[in-house]
Amino acid sequence: HAKQEGRGRYSFFAARMNEAADQRLAVGSALQRAIQEGEFVLYYQPKISAVDGELRGFEALIRWPQPDGEWMSPGTFIPIAEETGRIEPIGKWALHEAARQIKQWIEAGATCCPIAVNVSARQFHQASLMRDIQTALQRTGIPPGLLEAELTESAVMADPAKTIQALHQIRDLGVSISVDDFGTGYSSLAYLKRFPLDKLKVDAAFVRDIATDPDDAAIVSAIITLAHSLNLTVIAEGVETADQMAFLIEHGCDEMQGHYFSKPVPSEEALEMLKRGRFNLH
Ligand code: C2E
Ligand code: MG
Ligand code: MG
Ligand code: MG
């Protein structure tokens, strides 16, 4: 009897696994088409100075429109792109598109801010990344300081010896580096000190309850202190309320990003933000 039950359960899980595998397969081949047909779009979310509300830069977030008019979340398709070997062309596209956008804004006469491009773990450990950054810079001729790379804490800490070299190569091109989702992985403080980094991004999970949960408040203020003692800029992600903003300003966080200020927007709206140059903190 136990054996039968076990077998029943096995086939239940097998069916579920097949479903997940089918989804991966379908999304994987749709991604192939999306790359060829140029279906991706970049949206831009502003990063704001916690001192005076000045616009400090944008994060480029990839958007993939579906035939039904919805977006498929990058949280869903980026991991599949990594597993199916399609992250390289997508990452390359995002770098080129961000560089092209910077060039266009400069040509439009806007005082440009840096655009940060997300680089996934798998992409970070491929040799093609350096080449892709280099050609994006060369083809557009933009100042390299206007391009940033966002790498997750887990990608950076996965293989510290290799990472340090790769980070120096990116830095040598003049591109600055942020550690994304900081606090969700495991950082070696020794490496954090040795890595050539510019910015820590406090993960939204810690920001959510800072105004009400003393533990989260303590974690966020500790990260701010840590970042400053390592001479890094610190930015909080996922800021949604005035109370969260007030806490961050009071505790000396340098920059903020989140729906409280703006959702990620299409490039035309981002250009309007560039022209205004400032957000109201009150
Ligand atoms: P991430 O880099 O940590 O980006 C932050 C995510 O939080 C984005 O989701 C953003 O739209 C969302 N967000 C921003 N402010 C708020 C807020 O106030 N409240 C809430 N609830 N959410 C907020 P999105 O655009 O769905 O991207 C999810 C993840 O997908 C990103 O996390 C990043 O890891 C990845 N991703 C996005 N674009 C790219 C890309 O071009 N390349 C790669 N490799 N990964 C990307
Ligand atoms: Mg990011
Ligand atoms: Mg993040
Ligand atoms: Mg995140």
Side-chain angles (χ1 to χ4, degrees), residues 27 31 34-35 39-48 57-66 70-101 114-126 128-129 132-133 136 147-156 176-185 197-211 220 223 234-245 248 255-267 269-270 279:
V27 173
L31 279 170
I35 293 160
E39 293 177 9
F40 299 112
V41 185
L42 288 185
Y43 270 38
Y44 301 92
Q45 189 178 34
K47 301 179 180 185
I48 287 125
F58 290 102
E59 174 173 10
L61 293 155
I62 197 165
R63 295 291 176 260
W64 184 19
Q66 299 299 299
E70 303 285 309
W71 307 106
M72 186 185 291
S73 163
T76 303
F77 71 81
I78 292 289
I80 297 175
E82 285 195 295
E83 287 165 29
T84 55
R86 293 185 173 97
I87 193 63
E88 200 252 285
I90 297 174
K92 180 180 176 181
W93 174 83
L95 285 164
H96 278 79
E97 177 62 11
R100 189 199 62 75
Q101 189 59 72
I115 295 182
V117 176
N118 288 286
V119 173
S120 72
R122 178 83 172 265
Q123 196 186 348
F124 178 58
H125 294 289
Q126 288 175 347
S128 52
L129 176 64
D132 292 341
I133 295 176
L147 201 60
E148 291 182 7
E150 287 194 9
L151 295 154
T152 62
E153 183 180 30
S154 35
V156 168
S176 58
I177 301 164
S178 301
V179 180
D180 206 346
D181 303 346
F182 189 79
T184 60
L197 303 169
D198 298 282
K199 194 182 279 192
L200 297 186
K201 300 194 75 178
V202 183
D203 193 77
F206 303 109
V207 174
R208 192 169 307 125
D209 298 324
I210 37 175
V220 172
I223 294 176
V234 59
I235 177 167
E237 314 189 78
V239 179
E240 293 183 346
T241 70
D243 286 347
Q244 292 165 346
M245 176 184 74
L248 293 163
E255 296 174 11
M256 302 175 288
Q257 180 183 350
H259 293 173
Y260 182 73
F261 304 100
S262 170
K263 292 193 171 178
V265 296
S267 63
E269 271 178 67
F279 283 75

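Counting starts at 1 for both ligands and their atoms, in listed order.
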Any nitrogen or oxygen of E59, main chain or side chain, under 3.5 Å from a nitrogen or oxygen of ligand 1?
-> yes
Which residues satisfy the side chain to side chain contact (heavy atoms under 4.5 Å, CB included) test with S154, sequence neighbours excluded?
-> T152
Side chain D198, main chain I177, donor-acceptor under 3.5 Å = yes
G258 heavy atoms within 4.0 Å reach ligand 1 at atoms 15 (N), 18 (O)
Worked verdict on V234 versus F182 for side-chain contact (heavy atoms from CB on, under 4.5 Å) | CA-CA 10 Å; V234 59; F182 189 79; over 6 Å; no
Report yes or no: do Q126 and E88 form a side-chain donor-acceptor pair below 3.5 Å?
-> no
For P264, atoms of ligand 1 separated by under 4.0 Å from a heavy atom = 11 (O)
Select the closest option to atom 19 (N) of ligand 1 among R208, M256, E240, judged by heavy-atom distance.
-> E240
Is G91 near ligand 1, meaning one of its heavy atoms is under 4.0 Å from it?
-> no
Which of the numbered atoms in ligand 1 are below 4.0 angstrom from a heavy atom of D180?
-> 1 (P), 2 (O), 3 (O)
Specify side chain, backbone, both or neither for D203, according to which of its non-hydrogen atoms lie closer than 4.0 Å to ligand 1.
-> neither
If every non-hydrogen atom of V207 is compared with every non-hydrogen atom of A236, which pair is closest and at what distance?
-> CG2-CB, 4.0 Å
List in chain and number order the residues that pass side chain to side chain contact (heavy atoms under 4.5 Å, CB included) with A116, two or more places apart in sequence or in another chain; answer none if no residue qualifies.
-> K47, E148, E150
Can R63 be said to touch ligand 1, with heavy atoms closer than 4.0 Å?
-> yes
Min over T184, I62, L61 of heavy-atom distance to atom 10 (C) of ligand 1 lands on L61
Under-2.8 Å protein N/O/S neighbours of the Mg ion (ligand 2), ordered by chain then residue number | E59 OE2, N118 OD1, E150 OE1, D180 OD2
Side chain proximity check, Y43 to K263, heavy atoms < 4.5 angstrom | no
Could you tell me whether some N/O pair between Q257 and ligand 1 is separated by less than 3.5 angstrom?
-> no
So, does E97 use its side chain to make a donor-acceptor pair with the main chain of V41 at under 3.5 Å?
-> no
Output all residues satisfying side chain to side chain contact (heavy atoms under 4.5 Å, CB included) with E39, sequence neighbours left out; order by chain, then residue number.
-> R33, A34, E37, W64
For V239 and M245, which heavy atoms make the closest approach, and how far apart are they?
-> CG1-N, 4.2 Å
Name the one of R86, E82, M72 that satisfies side chain to side chain contact (heavy atoms under 4.5 Å, CB included) with F77?
-> M72
Using a strict 4.0 Å cut-off to heavy atoms of Q45, name the atoms of ligand 1 that fall inside it.
-> 14 (C), 15 (N)
